[in-house]
Amino acid sequence: MRTNPLQTRCSALPVVALLAALLSVSSVATAQNLLGTAQNFGVLGAATVTNTGLTSIRGDLGVSPGSAITGFFPGTPAGPGIVFGTTHSADAAAATARADAIAAFAAFNATPFTTDLSGLPAGQLGGLTLTPGVYFLSSSAQLTGNLNLDFQGLANASFLFRIGSTLTTASASSVTLTNVGTGAGLYWAVGSSATLGTGTDFWGNIIANASVTLTTGAQIVCGRAIALNGAVTLDANLVSNNCANGGDFGLGHNDFGSLGLSSAVPEPSTLVLLVIGGCLALPLLKRARHQS
């Protein structure tokens with residue numbers, strides 16, 4: 001039986017088309033959460049979450065299917081880390097959040113890239129200034145120094161980095177954001193593991209297929225650390241999913257709509273509308289052909 005090429009593409013369309021629309025730059029229509037229930041979490045691990053030092057997490061903390069969370073107060077054993085949110089150890093909330101994060105990771109990696117950075121020497125992002133888009137690196141990404149992300153003052157402008165292997169930052173590296181409009185989005189889909197070097201100032205939602213490590217004093221000013229299959233390892237860090245006032249580590253989840261590094265649904269581009277329209281029309285065309 002011959003497969004209709006349009007039908008094949010349409011079977012994978014809903015998620016990819018939605019992501020393509022979400023990650024385009026256009027006006028805001030209505031708020032939309034790309035991470036599902038994982039949006040509630042500041043840190044989410046799969047095997048374990050371990051902490052050393054005075055770590056502060058603004059947002060929920062969870063692990064699933066593993067159950068071990070160590071280095072936080074209260075806890076067994078208790079540690080110096082503090083969670084300004086709810087802790088979920090191998091419960092339904094953590095399992096659902098992990099499933100939602102896995103779905104988001106798959107959708108991000110199915111989203112067509114707008115710029116291929118695979119030719120950068122050693123995947124070095126330091127010293128670059130980038131504008132909104134979907135950036136692809138076939139292997140590892142490195143960050144030494146500063147990476148500037150210019151949102152151009154546009155509503156709902158988003159960055160997605162699709163990284164084939166590891167993401168590693170050198171000590172005292174930083175990501176800075178300029179001209180951030182409402183509904184800004186920043187996502188790092190890491191094919192293997194992510195490691196933030198000592199004293200790194202980072203922004204955005206890291207979803208790593210394996211593990212996430214924040215070394216001493218590294219911070220995710222506004223975003224999340226999510227490990228889909230491995231551990232999250234922390235050491236005197238700050239991680240906040242609260243983006244109010246530029247990431248002031250205040251209480252509450254203020255980035256659920258268009259106030260921070262979440263995302264809102266933009267009006268789809270003409271191309272996306274045409275493709276969606278074609279797919280919706282396909283069953284009608286097949287029915288008409290059989291009736292003729």
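These numbers were taken from a predicted model, which means no experiment stands behind them.
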Residue pair L196, I220: steps toward the side-chain contact (heavy atoms from CB on, under 4.5 Å) verdict: CA-CA 9 Å; L196 303 186; I220 299 177; 3.9 Å; yes
I57 and L234, any side-chain heavy atoms less than 4.5 Å apart: yes
Distance-only polar pair, side chains of T166 and S140, donor-acceptor under 3.5 Å: yes
Check: N148 and T178 side chains under 4.5 Å, non-hydrogen atoms: yes
Heavy-atom side-chain contact between L228 and I207 under 4.5 Å: yes
Donor + acceptor pair across side chains of T169, T200 (<3.5 Å): yes
Side-chain donor or acceptor of T131 paired with backbone N/O of D150 under 3.5 Å: no
Worked verdict on L35 versus Y187 for side-chain contact (heavy atoms from CB on, under 4.5 Å): CA-CA 10 Å; L35 300 179; Y187 306 91; 4.3 Å; yes
Side chain to side chain contact (heavy atoms under 4.5 Å, CB included) partners for T52, two or more places apart: D235
Distance, nearest 0.5 Å, that separates CD of Q152 from CG of N179: 8.0 Å
CA sep, side-chain torsions, deciding dist, call: S240, C222, side-chain contact (heavy atoms from CB on, under 4.5 Å): CA-CA 5 Å; S240 178; C222 179; 5.9 Å; no
Beyond-backbone contact of V134 with R162, side-chain heavy atoms, under 4.5 angstrom: yes
Test item: S118 side-chain N/O and S138 main-chain N/O as donor-acceptor pair under 3.5 Å: yes
Euclidean distance, D60 CG relative to N40 CG, rounded to 0.5 Å: 5.5 Å
Exam field: side chain N241 to backbone R224, donor-acceptor pair closer than 3.5 Å: no
Distance in Å, T115 OG1 paired with Y135 OH, rounded so as to fall on 0.5 Å steps: 4.5 Å
Heavy-atom check, side chain of N205 versus side chain of L34, under 4.5 Å: no
Distance-minimising heavy-atom pair for G53 and P80: O-CG, 3.1 Å
Minimum-distance pair of heavy atoms, taken over all atoms of F41 and A94: CZ-CA, 4.3 Å
Any donor-acceptor pair under 3.5 Å from N209 side chain to N229 backbone: no
For A38 against A101, the heavy-atom pair lying closest together: CB-CB, 4.1 Å
Side chain proximity check, F151 to L177, heavy atoms < 4.5 angstrom: yes
CG on L238 to OG1 on T55, rounded to 0.5 Å: 8.0 Å
From L44 atom CG to S64 atom OG, the distance as rounded to the nearest 0.5 Å: 7.5 Å
Side-chain donor-acceptor contact under 3.5 Å, S211 with S193: yes
Heavy-atom closest contact (A227 atom, V232 atom, distance): CB-CG2, 3.8 Å
Residues which pass side chain to side chain contact (heavy atoms under 4.5 Å, CB included) with L128, listed by chain and number, not counting sequence neighbours: L120, L125, L130, L147
Exam field: side chain S89 to backbone S67, donor-acceptor pair closer than 3.5 Å: yes
Heavy-atom side-chain contact between W188 and V212 under 4.5 Å: no
Shortest non-hydrogen contact between A46 and R98, atoms and distance: CB-NE, 3.8 Å
Close side-chain approach of L167 to F202, heavy-atom, < 4.5 Å: yes
Plane angle bin for F113 and F136 - parallel if under 30°, tilted between 30 and 60°, otherwise perpendicular: parallel
Where A47 and A231 come nearest, the two heavy atoms and their spacing: CB-N, 4.3 Å
Check against side-chain contact (heavy atoms from CB on, under 4.5 Å), W203 and D201: CA-CA 7 Å; W203 289 74; D201 286 337; 5.5 Å; no
Spacing of L61 atom CG and I69 atom CD1 [to the nearest 0.5 Å]: 4.5 Å
Polar side-chain atom of T215 near backbone of T198 as donor-acceptor pair, under 3.5 Å: yes
